[in-house]
Amino acid sequence: MNEIIVIEGALAFDSWIDEVPHLRAHQDEDRHLIYEGAGIILDLLIKTARNGHVLHVGGQVLPGERSGRAVSDLRVSLEHGRELSHTQTNAFGEFTFHGVPNGDFDLSIKLKDRHFTVRGLSSNEPGSWRIEPSMALGAD
């Protein structure tokens with residue numbers, strides 16, 4: 001039986017903490033996050049809707065330079081309390097969830113033998129989050 005490896009994504013960029021390049025349009029309510037881990041990059045955008053009561057969560061899974069992994073048709077799961085939603089990435093590794101209740105949630109992306117996870121996401125203030133550069137970028 002094959003063992004599934006769980007990769008915890010490390011936060012590399014948070015638009016609420018880091019300076020956003022002037023070339024990108026930016027709204028203070030939207031939150032742009034980038035996570036890295038074991039050769040996988042997750043580019044994530046969290047937008048508030050309906051007076052901040054629900055969220056639209058979208059992102060793109062990008063393989064690192066040496067990973068050689070396909071990013072299409074990956075299963076992406078969003079867990080919010082007891083609710084669990086799933087979607088698939090498109091040919092470009094993009095995915096979206098609409099109407100997510102505001103509050104903490106977890107994302108998991110299922111690769112062949114690995115799960116890339118990000119826990120405790122929200123549209124709330126970042127609090128004491130730290131940016132931890134990933135030494136595993138591009139590694140397998």
Are the side chain of [X] and the backbone N or O of [Y] linked by a donor-acceptor pair below 3.5 Å?
X      : Y      : answer
Gln88  : Asp73  : yes
Thr87  : Val76  : no
Asp106 : Gly120 : yes

* Asked: Got a sec, which residues hit salt bridge (Lys or Arg N to Asp or Glu O under 4.0 Å) with Glu94, two or more places apart in sequence or on another chain?
  -> none

Roughly how far apart are [X] [atom1] and [Y] [atom2], rounded to 0.5 Å?
X      : Y      : atom1 : atom2 : result
Leu121 : His80  : CG    : NE2   : 11.0 Å
Asp43  : Glu36  : CG    : CD    : 11.0 Å
Lys112 : Ile5   : NZ    : CD1   : 12.0 Å
Glu79  : Phe105 : CD    : CZ    : 12.0 Å
Leu33  : Ile46  : CG    : CD1   : 5.0 Å
Gln60  : Leu44  : CD    : CG    : 11.5 Å

Show the nearest heavy-atom pair for residues [X] and [Y], with the distance to one decimal.
X     : Y     : answer
Ala38 : Ile7  : CB-CD1, 3.6 Å
Ser72 : Ala91 : CB-CA, 3.7 Å
Gly99 : His56 : N-ND1, 3.7 Å
Thr48 : Asp30 : N-OD1, 4.4 Å

pair [X]-[Y]: side-chain heavy atoms closer than 4.5 Å:
X     : Y      : result
Val61 : Leu74  : yes
Val54 : Val100 : no
Ile41 : Ile34  : yes

* Thr96: what forms a side chain to side chain contact (heavy atoms under 4.5 Å, CB included) with it, not counting sequence neighbours? -> His98

* Asked: Can you check whether His32 and Phe13 have ring centres sitting under 6.0 Å from each other?
  -> yes

* Sequence-distant partners of His86, side-chain hydrogen bond (donor to acceptor under 3.5 Å, both in side chains), two or more places apart -> Arg75, Ser77

* **With Thr117 via side-chain hydrogen bond (donor to acceptor under 3.5 Å, both in side chains) - residues at least two apart** => Glu8

* Structure fact -> Per side-chain contact (heavy atoms from CB on, under 4.5 Å), Arg31 is matched among Leu55, Asp14, Leu45 by Asp14

* Can you name the one residue among Asn90, Val71, Leu42, Leu78 that meets side-chain contact (heavy atoms from CB on, under 4.5 Å) with Phe95? -> Leu42

